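Please read these numbers as outputs of a predicted model, since none were measured by experiment. Order of the sequence lines fixes the chain letters, A, B, ..., with proteins taken first and strands second; residue numbering starts at 1 for each chain. Every heavy atom of this structure was used, including side-chain atoms; hydrogens, water molecules and symmetry mates were not.
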Amino acid sequence: MAKSQSASLERKKFFADPILVSMIVVLVVFLLLFILYPLLMLLIDSFYTEGKVTLDVFKRVLSMKRFRTAFGNTVVLGLITGICSTLIGLLFAYVEEYVKVRTKFLEKLFGVVSMLPVVSPPFVLSLSMIMLFGRSGLITRKILGIYDSNVYGLKGIAIVQIMTFFPVCYMMLKGLLKNIDPSLEEATRDMGASRWKVFTSVTLPLLLPGLGNAFLVTFIESVADFANPMLIGGDYDTLATTIYLQVTGAYDSTGAAAMSVVLLSLTLILFLIQKYYLEKKTATTLTGKASRARMPIEDRSVTVPLTVLCSLAALFVVIMYIMVPFGALFKLWGRDYSLSLKWFQYMFKTSGLKAFRDSIVLSLIAAPLTALLSMIISYLVVKRKFRLKAFIEFVSMLAMAVPGTVLGIGYIRGYANGVFRTGFMQGLYGTGLILILVFIVRSLPTGTRSGISALRQIDPSIEESAYDMGANSARVFLTVTLPLIKDSFLSGLVTAFVRSITAISAVILLVTPQYLLITCQINEQAEKGNYGVACAYATVLILITYSMVMIMNAIIRVFGTSRTIRED
Amino acid sequence: MAKEKKGVRLEHISKIYQDPKTKKEFYAVQDTTLDIEPGTFVTLLGPSGCGKTTTLRMIAGFESPDEGEIYLGGEPINALTPNKRDTAMVFQSYALLPHYNVFDNVAYGLKLRKVPKETIKEKVTAILKLVELEGMESRMTNQLSGGQQQRVALARALVLEPGVLLFDEPLSNLDAKLRVTMRTEIRKIQQAVGITAVYVTHDQSEAMSISDKIIIMSKGKVEQIGSPQEVYYHPNSRFVADFIGEANFLDAKVESVSGENADIVVAGQRLTVRNHTHIPAGKEAVLVLRPEACGLGKEGLLDCEVTLSTFMGSYQYYHALVGNKTVQITDYNPVNKTIYKAGDKVKLNFDPNGVYIL
Ligand SMILES: Nc1ncnc2c1ncn2[C@@H]1O[C@H](COP(=O)(O)OP(=O)(O)O)[C@@H](O)[C@H]1O
Ligand SMILES: [Mg+2]
């Protein structure tokens, strides 16, 4: 049997659609140039010096004690954050799905806690942590009277990271728990198993791949996190901060490239395990929807302690976030707790306006491009058959595993002297365009993932029917696909905006004085100890992102037809 | 109404798929040659998984054949994409565009063809009238019943005046009663418009009632092509006889052959039957008995014993033992006939047209 004729016919049909072909070419060039090439440059830099392949750079880097410590630190931090976030996420998810929660208040609280990390810049908790528990912290000094409290270091980063990442685990595990058929558990309980036994013998084994998944996702996030270790790490250096300092402090960008390769390998391995092993396993052990609603646990000896525990944790997180605006409103943290607007005034008098304008403008340009690009990728991946499909899907997901710092170094090595140091496209370096590109690459995986799952729910024959009636690919995409995944497109748009405006790890390496970015300002002010100004920036930033999310929700409520369509 | 009705010709068409589990390649359609005359209603009939949809989708252009060439109106179309083919398809799930209303759904293809606005309005109105959906223009598709959605899907295809209209089990999502109404209607509209239609179904009564010609498929291959009467009265394989209508099969041995008839031995008894597939003397064969072509009586051709006798209203339903095989018999309009009961030893007789060997 030979499938040669159909293959050649498919090829002919494919090339008969010039818009589709050029769309794919543009996409492939984009992915090659802005994701693969910078990473390739890191490899070249670390293995290739003065015309020959050597391990010299690696030897040099590995001989640095600082680097070895940083590597150990990163792994330890990742493990702690990964395990704790997963467990707390599990607790929250379990309480939400299994325990009868008596108060509306708690439900609201859970909603807020899962929403906060989405709308806030990923490092504001470090600010609150320092303000609450630092040397002049509100709680440590004012309330407890401790004068030599030290939040800097592993403890501080871990706590902050756990609070930032556990909601992600909570959302992931909640989805999985929903899909466990209650009759499985009821059957075991019927046979006389205690609740704890049911949890350990039924729920937990079913959930195990999902827990592994959540753990790895958080581990990757923790390892890739730059801003929190930067702000609250003290002398606990992680790979991300070490790489940053290697470039900005030691001006050793080849060394930084080699370190980046190490960091990238770490996240890449975790990512591959997560994507190709655990994700499949989760899908096979938990398939389909639960047949009916679960009878919630009402036993007070279970509900009361669990509810109280969760409420306290959730309240703590909320208080941490509330500290941010207060940090900006108090006259002088640690000394004078009277309210004033002086930090806001100071912010706007100095670089504030420009920083907000630059950040907003760049993000507003990046967001629609990202959303459109990720919808196009999703469409191609889900609905079309062609050779480079696997490549496109893989590379756009790969970006998820690339820490921002690594990408930043890659762009420096890749574009500071033009492509392959030829000067070609050198003009890109140091411009706003390269920042926009970084924003796009950083948000592309999330957008693509949500686009793919939205598209998989649409009956393929709807698009086929349009194609059959005479529409070419571009037409089908614009008149059928896009309108049907409007919700996903809109939320992709806002997510891309929020992610861009709160991004720091990659752009901090690439930004030039010509552009001021809010996140970089926060980092700079916090480093100088100007927590009031840092908080003022963070407050306005959260207000911007929060209102964006609210506007999106309103738009989806009013115009989002796709939900009613799908229900039908 | 069709601009030009076109014929479809499949020449030695094969399609190879890979089984997603075992990774083994297999023929979903194998060496299929068909000629569909312009203006006729042709049905692809066969059990689920026999390759009907694959064949239809190759005509529409969604799949490419691995062997052979497809012609539409005499032109080879293998390399054309679906949007460039003069075909229009009615999908099993209707596949209406859910964000458009009825009018826009029907107008979609016309707009792509840059037809002037007034013409679009005229055509859409006319076609909606034809499918009895006047006044529904501004309804969203999810406000329509299944039958109405079906009509929109049909109108949307018809309005393009395609050379050939393709249907993939269009009625399978409707309830039994509506299915019968809709199939008559589809046939009526096809005849009124005079368009070529290729229709896929696994429901033999649907195929019988609607088609000029039926193509019976099994395991990727064409088993028989013929009019409903031909495939019913002259099936050329046991598969076809079994798939179309009801049939009893008795093992037989051909003794001698004379012209279209043969003398055979069944359960130790001798008789003469039709032999339209020309089985030579000395061969084993099966005797095919349609239940409605059989009757019981004092006189007859085969000895048998009644084992079950049930009154069904319009007919009396019997099981009769011939040798050691049970034969089902439906004796219509039993009111003035002798009714036999279980245990009666009688004779089986039949209408020679409904009985033959294969
Ligand atoms: N895209 C595909 N990939 C692999 N196998 C397929 C694909 N489409 C159909 N098949 C297989 O080809 C055979 C014929 O399918 P189909 O034409 O849909 O049958 P029918 O419409 O007669 O029920 C089936 O065994 C089906 O599982
Ligand atoms: Mg089918």
Under 4.5 Å from a heavy atom of chain A, the part of Lys15(B) involved:
side chain
Examine whether an atom of Ser8(A) lies under 4.5 Å from a heavy atom of chain B, and if so say whether it belongs to the side chain, the backbone or both; otherwise answer neither.
neither
Go through the steps to decide whether Thr479(A) and Tyr108(B) satisfy the test side-chain hydrogen bond (donor to acceptor under 3.5 Å, both in side chains), and finish with yes or no.
CA-CA 10 Å; Thr479(A) 60; Tyr108(B) 185 85; 2.6 Å; yes
Quick check on Arg475(A): does its CZ atom have over 12 non-hydrogen neighbours (other residues, nucleotides or ligands) under 6.0 Å away?
no
Shortest non-hydrogen contact from Leu484(A) toward Pro98(B):
CD2-CG, 3.3 Å
Under 4.5 Å from a heavy atom of chain A, the part of Leu80(B) involved:
backbone
If the test is side chain to side chain donor-acceptor pair (under 3.5 Å), which one of Arg11(A), Lys13(A), Gln5(A), Lys3(A) qualifies with Ser64(B)?
Lys13(A)
Mind ranking Arg85(B), Lys84(B), Arg156(B) by heavy-atom pairs under 4.5 Å with chain A and telling me who comes out on top?
Arg156(B)
Of the listed residues (Ala88(B), Gly68(B), Ala60(B), Pro65(B)), which shares the most heavy-atom pairs with chain A below a 4.5 Å separation?
Pro65(B)
Measure Thr87(B) against the heavy atoms of chain A and call it side chain, backbone, both or neither at under 4.5 Å.
both
Turns out that what part of Tyr94(B) lies under 4.5 Å from chain A's heavy atoms comes down to neither
For Leu166(B), which atoms come within 4.5 Å of any heavy atom of chain A: side chain, backbone, both, or neither?
neither
If you measure from CD on Glu63(B) to CG on Leu9(A), what distance do you get to the nearest 0.5 Å?
12.0 Å
Other residues, nucleotides, ligands: >12 heavy atoms within 6.0 Å of Lys383(A) NZ:
yes
Distance check, rounded to the nearest 0.5 Å: Ser461(A) atom OG versus Asp168(B) atom CG?
9.5 Å
So does Lys219(B) have more than 12 non-hydrogen atoms from other groups sitting under 6.0 Å from NZ?
no
Answer yes or no: are there more than 12 heavy-atom neighbours, outside Lys111(B) itself, under 6.0 Å from its atom NZ?
yes
Atom of Ala79(B), atom of Lys12(A) and distance for their closest heavy-atom approach:
CB-CD, 3.7 Å
At a heavy-atom distance under 4.5 Å, which candidate from Gly109(B), Ser14(B), Pro82(B) has the highest pair count against chain A?
Pro82(B)
If every non-hydrogen atom of Asp459(A) is compared with every non-hydrogen atom of Ser93(B), which pair is closest and at what distance?
OD2-OG, 2.7 Å
Contact class of Gln92(B) relative to chain A, heavy atoms under 4.5 angstrom
neither
I need the contact set between residues 462-472 of chain A and chain B: heavy-atom distance under 4.5 Å, sorted by residue number.
Ile462(A), Glu464(A), Ser465(A), Ala466(A), Tyr467(A), Asp468(A), Met469(A), Gly470(A), Ala471(A), Asn472(A)
